[in-house]
Amino acid sequence: MLSPRELWTRGRAVPWAVVWEVGRALWMNARDRVNDTLSQRERQDFARIVRNGRGRPWHLTTEERRRLVALVKKAATGRSDSSWDAVGRSVVTLLPPRIVTAIWERRRSDR
């Protein structure tokens, strides 16, 4: 079993459900951080992509997925080219522990 750090380090191993949950959790629980790190246009894109996905990341196009990844990284760390390791460290400090635990529990149950 991979540790959270190993999972975040292996970018292509991060499942879309985790990207989706982290993005949604940031949007709902760390709105101040999202407002500080994303421009108004980026926030609008973020909200549009989440609405278009209707709670299911597989409803997104390839371009929307790429954009969501960049926006999640930038919302969490301030940089869209951040590593998943940096995102993981940032998320732990931004989100309530119960949310982080729920994300990792969901990841574990998907296996």
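Heavy atoms only: backbone and side chains are in, while hydrogens, waters and symmetry mates are out.
Legend: residues meeting salt bridge (charged side-chain N to carboxylate O under 4.0 Å, His left out) with R67, ordered by chain and number and at least two apart, are D45. For Q40, there are no side chain to side chain donor-acceptor pair (under 3.5 Å) partners two or more places apart in sequence or in a different chain. Listed by chain and residue number, T77 satisfy the side chain to side chain donor-acceptor pair (under 3.5 Å) test with S82 (two or more places apart in sequence, or in another chain). Partners of S39 by side chain to side chain donor-acceptor pair (under 3.5 Å), not counting sequence neighbours, listed by chain and number: E42. Take D81 and apply the salt bridge (charged side-chain N to carboxylate O under 4.0 Å, His left out) test, not counting sequence neighbours, and it matches R79.
Here the closest non-hydrogen pair linking A70 and S80 is O-CB, 3.6 Å. Summarising the geometry of I49 relative to L60, their closest heavy-atom pair is O-CD2, 3.4 Å, with the distance given to 0.1 Å. Nearest heavy atoms, K74 versus T37: CE-O, 3.2 Å. Of all non-hydrogen atoms in L38 and F46, the two that sit nearest each other are CD1-CD1, 3.9 Å. For the residue pair N35 and R43, the shortest heavy atom distance occurs at OD1-CD, 3.0 Å.
For the atom pair R66 CZ and L71 CG, the distance stands at 13.5 Å (nearest 0.5 Å).
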